[in-house]
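What's counted below: heavy atoms across the whole structure, side chains too, no hydrogens, waters or symmetry copies. The sequence lines fix the lettering, A, B, ..., with proteins before strands; numbering per chain opens at 1.
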There are 2 protein chains.
Amino acid sequence: MKKYKQRKDLKNKPKAPTLIDVARVAGVSPITVSRALNQPDMVSEKAREKVQKAVEKTGYLPNLVAGGLATRSSHLVALIVPTVANPIFAETVRAINETLAEYGYQALLGLSGYNRDQEQDLLEAILCRRPDGIILTGLDHTDISLRRLHASQIPIVETWDLGDDPVDALVGFSHYDVGKEMAAYLLGRGYQRFAAVTADDSRAAKRLEGFTDHLAEAGIKHVPTNVIQTPARFSRGRSAFGTLLDQGVKCDAVYCSSDTLAHGVITEALSRGLRVPEDVAVIGFGDLDFAEASLPSISSVKINGADIGRVAAQALVAKMTADDNDPPPQTLVDVGFSIMQRDSA
Amino acid sequence: MKKYKQRKDLKNKPKAPTLIDVARVAGVSPITVSRALNQPDMVSEKAREKVQKAVEKTGYLPNLVAGGLATRSSHLVALIVPTVANPIFAETVRAINETLAEYGYQALLGLSGYNRDQEQDLLEAILCRRPDGIILTGLDHTDISLRRLHASQIPIVETWDLGDDPVDALVGFSHYDVGKEMAAYLLGRGYQRFAAVTADDSRAAKRLEGFTDHLAEAGIKHVPTNVIQTPARFSRGRSAFGTLLDQGVKCDAVYCSSDTLAHGVITEALSRGLRVPEDVAVIGFGDLDFAEASLPSISSVKINGADIGRVAAQALVAKMTADDNDPPPQTLVDVGFSIMQRDSA
DNA sequence: TTGAAAGCGCTAACAG
DNA sequence: CTGTTAGCGCTTTCAA
């Protein structure tokens, strides 16, 4: 039985058992252990059993760092979202995590805080880990990010938006159209005086633009708007609407860039003795659980964060596992949206 | 000028520039590039400049997989939480991410779904990546998980709980005490008939136990309780309370295992014409934004998820960077909690 | 079916 | 201050 070289523990670091340890115990060569674990069909049943026992005896856990270096594939996916404090992204993160895990991938989470520069830094740090794929939120990246993304040759899926010039694959919906539909919806129900409470991120801006554009086409040029900083919090929605009212704004419908803000707006309205939706209707965005299940007086644009996550992860997996000679699957998915009515107006 | 061996591109995989490429361009040895990047002080200014230029020219991004293998340190931290759908965990995740990033670490996120077996699987997958540290939620792990954790020799911080037998460091608070304090708080305000709406995870169970124990000491033996499945959602809280009321339960105060459930309970109460807190008071747990900022009629146990995350991450960093001959910093932090009053009762 | 040799890209150790 | 050498733990290639 041959001996295999063993590391000599330079810094007496705590050492986990290695393939070589297992091989020694099993009485086979390291490569046989490797195959028994990763390509069992290539190995005799006898060898497989010996290896299996040795693995249990040593408590061996493969070192994916070394494996990744050798195969140049990390089975790691970079996932960058603005925040997990927004439930809609939390749901997307969950779905992505789950779907990736099904295919043997793991997600490295980065939180960009709705900030392109922070995204760029995250991206740099993450690219150093040589992920097999990347999932980004939105289409709005710095030039440097874009350059790195293109140079990296790594499959990429952008999510939560639709646009002309994705880096690679794209899974989302049109925020501009969402805004237009929200306007059309309210106009169709007879509302005439509008106000808006919106966050300042780029997708919220697109929705607001769609909203005001559509109103403008209908002859309504003026929409008092209060822009709050991300992250959109209940409390900020509440105070933002309070400010508008204090400024003497009169409206029969309030546009909100998210359900969280809408919820705050409703609370503020109620606390001032306004009835919702009789005195003032409120429309939000995001399909939070509380919007769907309970608020008796809110309409909301329904987005399925889990769907987006699942579809995005699947698209990415397809790209990551595509053969080099396959035609590159140029994915582009419009997951759509719908307006959900929860009020009696 | 010496030449350094270069990979011969077995599978014509897309190749990112390597240290050797940079060394060639800079006209120095690879190790000098490595040092210029990681230990600039060990290198002459001239060399540093040459390397800097070569890096820019080649668009080089270091390969941390290779570096990690060589140094046996990944600068990766495993982070396992039950869910990010619960805002309190979302906040913890954010704080941990942020704090780790400050020290040059990155988090690998795993979602256990409040499930020990799922946690075990995640742990196995993550340990294969040889993280430098591990942050877990709670003290409740499978035997296999515990064995692996101990065997791994990796610094570990458990969070969100306090207990006798942590694997390593521990940052949290006593859920049992939280429950007792909630009971004491309500008793002190004169409430006498209680009901409970609670999730079925292990920490929620501890809180409920503290709550009912304290009430029992005060002679109140019966607390109608509706246990809902995790994840605790607004809608579930609402229907859980509805069920209790339908069963004829009379109460003047409702204990909820989280603010999300409390919010649902309040909505259900209001929708049935009950005034909160005049007819029924509601107490929750978690300090969500909406509880703090707005609900006029809820009391809540205030927990600072960001604090826990920050403290936990710092404790972990301290352990990860501790010298082998230093005494092991046996961290144990009780971050405490407080009850926040938002009602006028 | 199994093994030996040669790296993956980087850095620790030990000279110079 | 800079370079040489020898791995880190695994897998690929090529032989047997």
Query raised in the report: For residues 40-52 of chain B, which residues have at least one heavy atom under 4.0 Å from DNA chain C?
Result: none

Report task. Mark yes or no for a side-chain to base donor-acceptor pair under 3.5 Å between B/Arg72 and D/dG7, with no hydrogen or angle criteria applied. Result -> no

**Report entry** Set of side chain to side chain donor-acceptor pair (under 3.5 Å) partners for A/Thr142, sequence neighbours left out
**Finding:** A/Gln120, A/Ser145

Query raised in the report: Can you name the residues that form a side chain to side chain donor-acceptor pair (under 3.5 Å) with A/Thr32, not counting sequence neighbours?
Result: A/Ser29

Report task. Look at the side chain of A/Ala70 and decide which nucleotide, out of C/dT11, D/dC10, C/dT2, has an atom nearest to it. Result -> D/dC10

Report summary line: What residues 59-67 of chain B contributes to the DNA chain C interface at heavy-atom separation below 4.0 Å is B/Tyr60, B/Pro62, B/Asn63, B/Ala66, B/Gly67

Query raised in the report: Considering residues at least two apart in sequence or located in another chain, which fulfil the salt bridge (Lys or Arg N to Asp or Glu O under 4.0 Å) criterion with B/Glu91?
Result: B/Arg94

Requested in this report: List in chain and number order the residues that pass salt bridge (Lys or Arg N to Asp or Glu O under 4.0 Å) with B/Asp132, two or more places apart in sequence or in another chain; answer none if no residue qualifies.
Outcome: none

Requested in this report: Only pairs at least two apart or in different chains count here, so list each ring pair (Phe, Tyr, Trp, His ring centres under 6.0 Å) that has a residue in residues 37-85 of chain A.
Outcome: A/His75-A/Tyr105

Query raised in the report: salt bridge (Lys or Arg N to Asp or Glu O under 4.0 Å) with B/Arg148: which residues, sequence neighbours excluded?
Result: B/Glu124

Query raised in the report: Residues in side chain to side chain donor-acceptor pair (under 3.5 Å) with B/Glu49, at least two apart?
Result: none

Report task. Output all residues satisfying salt bridge (Lys or Arg N to Asp or Glu O under 4.0 Å) with B/Arg116, sequence neighbours left out; order by chain, then residue number. Result -> B/Asp140

Could you list the donor-acceptor pairs under 3.5 angstrom formed by side chains in residues 305-314 of chain A, with sequence neighbours left out?
from     : atom 1 : to       : atom 2 : distance (Å)
A/Asp307 : OD1    : A/Arg310 : NH2    : 2.5

Requested in this report: To the nearest 10°, let me know how far the axis at one end of the helix from C/dT1-D/dA16 to C/dG16-D/dC1 is tilted from the axis at the other, five pairs an end.
Outcome: 30°

